[in-house]
**Student:** 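Please find one structure pasted underneath; my questions will follow.
All chains are named by letter (A, B, ...) in the order of the sequence lines, taking the proteins before the strands, and each is independently numbered beginning at 1.
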Amino acid sequence: MEYNAFASLSHFRILLVPVGSISRATFDQWAAEIRTLENLRLSDIPPGTKDEKARFMPSPKSKGYLHLCFPTHPPPSSHYAMSLFRPSLFPLGVIGIASCSHTDSLSSIAAEFNATVKDLFPPDSLYPLAKNCFVFEEDDGTTNLNLGDHLPGLVIIPSMMGNKKENIETLLADLCSNILAEFSTVVNTLESPLGNEYLNATLFPFLPSASDFPRQLVDDEPERLSRVPSQPEHSPVPARRVSTPILGMKRNPSTGPSSPMASARQSTLNVPMARKRQSLIGAASSHGRLFKVLGDLFILAGRTEDASVWYTEALTLFKTSTDSLWHASTLEGLATLSLLDAWSGQGFQTSISTSKEPWGDISERLDQAISLYGRPGPLPEPDQRYDLHAYLYTVAILRHSSLLFAAWAAKGWGPLAFTALMHPGPAPYIPPTLSHPDSHLPRNRDRLSSFSGVTRSQIAAVLSQVHGPWLLHLGHRERIAVLESVAYLYSSLGYHRKEAYILREVVGCIMDLVVCAREEDGRSYLPGIAANGKESGDLGAVAVKGIERSTGNESVLKLVKFVCEMHGIDVEAVTFVNPSTQDEGGAPQDVNADDVQEDPYGWPELQIGIIREALAVAEALPDPPSVAQFSLSALKSLHAVLGDDDQHHMYFTSGKALTAAKRRGETRSIEYWSGRPVVSIELLQPPPSRLLVENPVSVLAQQRSEGAGQISQMTGPFLYNPRKSVTARGSTLVVTDEPLEFVLTLRNPFVFDLEIQNLSLSTSGVAFDMKPISLTIPANSYHPVTLTGKPLEDGSLVIRGCHVQAPGGASREFLLPLATAEEEEHRFRRRSAAACESDRTKYSGLESRSKKSEKRNSTLVASALSKRTIPKFLECTVVPEQPLLRIRWSSLVHGAVMLYNGEKSTLRLTLENVSNLPVDFLRLSFDDSTIGPAQAALAEGDLSIYDAYETEYQLINRPVFSWDREQEDTEIPAGRKVAIVLTCSGKVGCTSGGIYISYGYLHRPQSTLSQPQETFHTRQLSYPVLVTVYHMLECHNMDVFPLDQGGCEETSEDGRAILFKDVEEEGWCLFSIDVRNTYGLPFEVTLNRVQKNAPPTSTTCIVAPGATTRMVLPLKKIQLPEEITSQAIPMLSDRQFVVDKTKLSTAEYKLQRELFWYREELFKSVRGHWREAGGTRSGELSFRQQRMTLPMLATLRTESIRIHLELYRRGSETSEEQISVMRKNGTYHPAPYQFVYLRVRIANLSFQPLVLTADTTVDPADHVIQEGVLSDVPIGRLEKGEERELEAPLCFVACGRFHVQVEARAVDGAVREARVGSATLKVVVSEDNPE
Amino acid sequence: MSHHLFLLSPSDTPLYSLTHFSAKPSQAAQSPLSANLPSWSTSAFAGTLTALSGASSVVQASTQGGGVRMGGGQDRHVIQMIANASLDVIEEVVRRDNGMYLKSVDKFNEWTVSAFVTPGNMKFVLLHEGKNDEGIRLFFSEVWELYVKTTLNPFHTAHSGIVSGVFDARVRASARKHL
């Protein structure tokens, strides 16, 4: 269709029709051959013989051209009303193209050709004026062509002929000559008065058929119709009486229009005719229309000067009348004339005088024409042809816009523009300025504008007038053609949104025809279009849909896709994959692919409307794969703006379409579409009993030497242990042939339940056995799902992600890297980069469509992308099979144990090996609720040395649970049971405990002799125990007293007597403690004395509930060598050494250590036990919470110098007999004025020799007489254990109480003296004392 | 006479839209070709075509006596299509025209499109029928001021729709005043 050819008014149309059994390819070949003849020189046309016929014939010397045009299908029947109004629309001649083979006879070809022509044109049509049939010989001269020569209207072109083109040109010239001769016939008819009346009768006049025409004019009509036009010689001479002289004058007019001459002609022509016809028909008609027809015909005949003369005449007549359509058409003709003049290089009349654009006057004329076409008609005729009116209007606008467009695209007025305007050819013409690769850039278009002086908006402004409701008046073909042309122009201008708008209408038209045609029982709706070979595919669809083929669907869908794309809908977001070529289902999608949100593009409301329409189109075609693709793509890319109903509808439509597509034999399958369904994959921890721990082999050696395992486990010597963290992390351990569970979190962002047909893990590494599952993800939610599988061998297993497959689609892999810190940081950087750019708009309008974003990622986001490292995936280490134990039985009821503080009980656990591997390694470890706080306190480091020791002591020496490993059998063969016995002791503050049994199979047969493994794996059984400890006995007020002999003697109770049986006055002390029973039952408490140099003894008493009892036990004094007491307070664990913060002097340190060691010794000597009164339960009583004070220490410690004082007297002056002074309750009772002797026995009990002096003081000294010196009596050096005696005679000269005190001083070196020991003697002197 | 205002972000997404009916009568002369349209097909696709070509709104007008069009008689979808399509022309004109107010840049069907392009490449598109250049200019500059005030909100991004009631009320008031 050449509606957009600007110069279509000057096109000399010759219809090409296939005749006979010619194949399409052959026809196209010859048609193309003929089409190369675009222009025919007027001088080449053979002049006619007769003067009458020669009115339109060119003179042999004329320079003009005939502009030939070869359509291949006839005009629509509705256009025949315009046969006089616009002759250029119609084929003036017909050329049949036939190919000749053996079978066809020429006569049959001729008959068929005539029948075809008759078929194509309505019987009363004016056209075609001439016809001819070209028979192309098929192969070399073997056919029976010799008899064909005398068939009229049939020309044979032998295949031997060398220059076919020249031959065809000659034949064409002949044909044109015939047609031009026929022009005169037509004009002659019109020039008759009756003809003129017919011309003016209606808006779109026609020449009536012969029967309606008055006699005198009819004579040539039937002949003209029946005549074979190829033989113009045979036509009879028409009778031309009235206008011959006048028109004859015009045949060879002068080169320029001469107005006086024209006006003279007019007057001579006008006046008589008007008067003459008035009487005949009753209406006088102007000759405007006649002149216009003449102009049209002259233009076709290539005689521009004549045309110009006639048009000018017509214009002056139309100016006064209201015949707007004819007026407008005349203006169009004039505009065409100007172009023709410009093209043929004859120059234009206005170009010299004006500085305006050279096409300015053309443009002006067309403007006028358009406004005239758009003006309401003078009288609304009952049969007003709105369709033709609208058609003329739209074509005029297209003509105008194509003029501007050609000027714009050709960078101005020049040959390029002329070519575009004159002969755009059958296919859409794309000017070279718009076909090079950079042409789509706005820069290029702006350049064109600046060169040509035409802006795009100017063209668009003209073009937009074409669009309006009147498009509905047009016939289907015209409407589609007009819309196509508009779309083409908009597209070339780069107005893609407008193009999309127009294309929607095009699709609407076509789909309407498709639907209507189907309603008409599948018959072809417009038979004419099917034959149109050079139409774009979408028109083909109109015809072929009736017979259930899908040839044109693709083109319609292409249009739909284009419209969608222009509105930012990516209808190909979901693509089809071919399962045969791609079994894995597409490249795995990266986790970050949809991480960065693109800025939204487009108009959501419009997008929804357009996608709905696209779906409707695809459904109506019907094309199920596209339906599925569109709906799924829309769901994928637009779900944020789609309403609930739409989402549901699209989902179900896609499902139906996919099954329909499969039924119809669709082999491709659609890729997985719903974005990224998997959010996370987690390996579910196995139950604790199956949990595997990896240990280095070196642990084995260590564990043998047990030691202070409890504490070292937690608090190593270093605060930071790098090895520890390494072992803690590392990959997860799983066991061969044991099921693994993974939890996948799936996401469904849609409002419908999303069905997933197949979901499986994507793994690499060792073989992994799992069954895919199918599931439905609830609407708009995150949905966790558990997948189970089994590793089949040991090694490393990497979980890369998962494969997902939707129903009817292909499976797709989604990678899911581990959220490592690096990955997180990477993602964060991407996100922040995107956020940083989100508000900065660099691309606007159509360029901001996300499809082009690949290119633009060159900025921050891309730089973040480029730093990508290989993602880390979830990784498991699969180890060989491991044995499995379980606790079969335990002696505890409900796992709870109830104990008194300090009580010990046993606990039995029976373990069963349920696997088929033996267990040859078994270790137990324990935990209880006291360990934690104690360790925390220790780790804090704020405890004093003393407290720290105490805490450690509690931890190590008094664990709640203990296991004597040596007694137990640590091997459990497969399927056997073994019982282990544990000890459990009550410790106040313990509420719960745990028993952890680690086991493994160490000595498994090695498959190779390679070096033994560095690690082994254990599993752990844990057995929690609920512990209740009753705190029933409390100890307070521990004290140590010096043992006073006096008190001892008065005791008469049996128990005490026994207790003090062996006790001497010196070297003993008394240990006492208060025991309080806070429980509801009486307890029997026993204190045991365990001392090396003293016989064991014990004291027992029953402590009633709520009562406090003081218990007393004599102790032998303790003496510890200095090597012991000078030792630092030990640390029981290898915890970190903390420098003591308390600054103590050396002496204080010494004291502290002494206190510590003597206390330890004390606790070793005194043991407490309790027993349930009347019951069997018993336990230990701990004094460890008691503190030791300095006086206690002084009492407890054996003095270094022991001084024994004694009073005696002699029986007589000379005798050696010593009579002891009466002693009572530790007090001596001598008589006054009696000489008594004080014997001082000093013993060195310390571990080193001492040099001593002794001081004796008697108080009151005034009443005592002594002999010699009492103070600073040198005793001399006493070796260790050595004893020395002193004697001093005394005489008490008064009655009363006396205190005798002896002090021993060590003479240490020169100066310093220190008191190392003292003793006191009480003396009561009275008259009653015996002599 | 109705007016349709759209505030379009640089990525062609409408952030705000307003339909305003003014009391002034429509003075656009109807083309004679728009009359007596044939009802040529009943298929849904024909309906699309009819709507897009602007025919339905014309029919609507004629049934109401050619006077003031009230209510959302016009196909909203078509109005939006026209506004969207006019961006083609606006983008081109902006490239060579320095002014922010582009009066009557485009005509489509019976609509005239005026536009106002802010320095931030926000496009205010107004579809109107009559000629009211000065009123539209004043209206646009008021809307611009209101828009700038809205963007001062730190929580407002270039792509988020304007939902402020105050903005809406003031734009409506301005429309009543000038259109």
**Student:** What part of Val617(A) lies closer than 4.5 angstrom to a heavy atom of chain B: side chain, backbone, both or neither?
**Tutor:**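 The answer is both parts of Val617(A).
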**Student:** For Ile90(B), is it the side chain, the backbone, both or neither that has a heavy atom under 4.5 Å from a heavy atom of chain A?
**Tutor:**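 When you check distances to chain A, no heavy atom of Ile90(B) falls under 4.5 Å.
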**Student:** Could you have a look at Ser457(A), Gly602(A), Ala616(A), Pro604(A) and say which one has the most heavy-atom pairs with chain B under 4.5 angstrom?
**Tutor:**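 If we count pairs closer than 4.5 Å to chain B, Gly602(A) comes out on top.
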**Student:** As an exercise, state the distance from CD of Gln607(A) to CD of Gln80(B), rounded to the nearest 0.5 Å.
**Tutor:**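 Rounded to the nearest 0.5 Å, the CD-CD separation comes to 11.0 Å.
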**Student:** Any luck finding a side-chain donor-acceptor pair between Asn84(B) and His567(A) under 3.5 Å?
**Tutor:**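 Yes, because at least one side-chain N or O of Asn84(B) sits under 3.5 Å from a partner of the opposite role on His567(A).
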**Student:** Aromatic ring centroids of Tyr16(B) and Phe167(B) under 6.0 Å?
**Tutor:**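 Yes: the rings meet the under 6.0 Å criterion.
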**Student:** Given a strict heavy-atom distance threshold of 4.5 Å, which part of Val93(B) is in contact with chain A: side chain, backbone, both, or neither?
**Tutor:**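 Side chain only.
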**Student:** Output the option from Glu505(A), Glu499(A), Met566(A), Glu613(A) having the highest count of non-hydrogen pairs under 4.5 Å with chain B.
**Tutor:**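 Looking at each option in turn, the highest pair count goes to Glu505(A).
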**Student:** Aromatic contact between Tyr501(A) and His467(A), with the criterion being ring centroids under 6.0 Å apart: yes or no?
**Tutor:**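 Yes, they do, as the ring centres are separated by less than 6.0 Å.
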**Student:** Hey, are the side chains of Leu18(B) and His4(B) touching, using non-hydrogen atoms and a 4.5 Å cut-off?
**Tutor:**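 The answer is no; the side chains never approach within 4.5 Å.
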**Student:** Under 4.5 Å heavy-atom distance to chain A, tell me which part of Glu91(B) shows up: side chain, backbone, both or neither.
**Tutor:**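 Side chain of Glu91(B) only, per the 4.5 Å heavy-atom cut-off to chain A.
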